[in-house]
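Heads up: the structure comes next, in structure tokens.
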Amino acid sequence: MSIKVIRCENYAEMSRAAASIVAKVMIEKKNAVLGLATGSTPVGMYGELAEMNRIGVLDFSDVTTVNLDEYYPISPDNDQSYRYFMNENLFDHVNIDKSRTYVPDGTAADPDDACRRYEEILDSVGQVDIQVLGIGQNGHIGFNEPAESLEVLTHVTGLTASTIKANARFFASEADVPTKALTMGMGTILRAKKIIIMANGAAKRDAVAVMLKGGLTTSCPASLLNLHPDVTLICDPAALGE
Ligand code: F6R
């Protein structure tokens, strides 16, 4: 039950490999529930999925999506919000019913309550058929940052200095990066039927190595994926340390 590895030559090949796994799930189940991630890694995969939809081989009309996380506080029309990212990179390009696309609510007055409501939404849409993940340089998944103990359910979290620094590239300056986020917890993520985790570039090498070692450590939250029976890593040679 160890993590399967699909080693791709480059990012374009990774994007196609990930898209074809997601597409297979969607073709087998028209009303699939997709768990989605943001960040730079899955952008190419979303492009591939949108293209498959454009040429008529993939139908999103009955699909439901649930995203891993959202900054807090942030409004959906802020171009750095994860809701905005999803519209830009996928939802605006496919025949999806946006009322069935869920992202944690970065505008909620009470963020703890927003997390409880997100868990209710997740319960109501049913088991995620395939969860797409990226991995942080520090081994985070979603915004489950390395810590002495990890959270089970969707929760409010502070971003670590390392994550703020890594994400500063998307903002005008490091000071503009929100310091909090709402994120699915480790238990929420591990409830998915199937998980793919994508990693490219040498910056992900150390985190990938800890995960592939097969043990569990809260200092690399991605290592907890070793508890799940169906996880596939899709990566380039640099992420494998080659
Ligand atoms: C995004 C998310 C994060 C990213 C990770 C990698 O929704 O949950 O865990 O997957 O930070 O980000 P990139 O792909 O930008 O290297």
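This one's a predicted model, so the numbers in the text were calculated from it and none came from an experiment. Just follow the structure's listing: the first ligand is 1, and inside any ligand the first atom is 1.
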Review point. Out of Glu70, His140, Lys204, who gets a non-hydrogen atom closest to atom 11 (O) of ligand 1?
Key: His140
Review point. Are any of the side-chain nitrogens in Asp77 or Arg83 under 4.0 Å away from the carboxylate oxygens of its partner?
Key: no
Point to revise | Whether Met86 lies under 4.0 Å from ligand 1, heavy atom | key: no
Practice item. Could you tell me whether Asp129 and Lys194 have a side-chain N and a carboxylate O separated by less than 4.0 Å? Key: no
Exercise for review: Looking only at non-hydrogen atoms, find the nearest pair between Ala114 and Leu182 and report the distance.
Suggested key: CB-CD1, 4.2 Å
Check your understanding: Quick one: which ligand 1 atoms are inside 4.0 Å of a heavy atom on Asp69?
Key -> 1 (C), 2 (C), 7 (O), 8 (O)
Review point. Just which atoms of ligand 1 are under 4.0 Å from any heavy atom in Leu68?
Key: 8 (O)
Check your understanding: Counting from 1, what ligand 1 atoms have a heavy atom of Thr41 closer than 4.0 Å?
Key -> 13 (P), 14 (O), 16 (O)
Practice item. Look at ligand 1 and say whether Met198 reaches it with a heavy atom at a distance under 4.0 Å. Key: no
Check your understanding: Is the Tyr71-Phe143 ring centre distance short of 6.0 angstrom?
Key -> yes
Check your understanding: Between the candidates Thr38, Leu36, Ile135, which shows the shortest non-hydrogen contact distance to atom 6 (C) of ligand 1?
Key -> Ile135
Check your understanding: To which protein heavy atom is atom 9 (O) of ligand 1 closest, and what is the distance rounded to 0.1 Å?
Key -> Gly142 O, 2.8 Å
Study note, to complete from the structure: Here the atoms of ligand 1 under 4.0 Å from any heavy atom belonging to Gly39 are 14 (O), 15 (O)
Review point. Taking the side chain from Gln127 and the backbone from Arg191, do they hold a donor-acceptor pair closer than 3.5 Å?
Key: yes
Point to revise | Shortest protein heavy-atom distance from atom 10 (O) of ligand 1, along with the residue and atom involved | key: Gly134 CA, 3.3 Å
Point to revise | Side-chain donor or acceptor of Tyr72 paired with backbone N/O of Ala108 under 3.5 Å | key: yes
Practice item. Please check if atom NZ in Lys165 has more than 12 non-hydrogen atoms from other residues, nucleotides or ligands closer than 6.0 Å. Key: no
Point to revise | Check ion pair Glu51-Arg54 (N to O, under 4.0 angstrom) | key: yes
Review point. Using a heavy-atom cut-off of under 4.0 Å, does the side chain or the backbone of Glu145 touch ligand 1, or both, or neither?
Key: neither
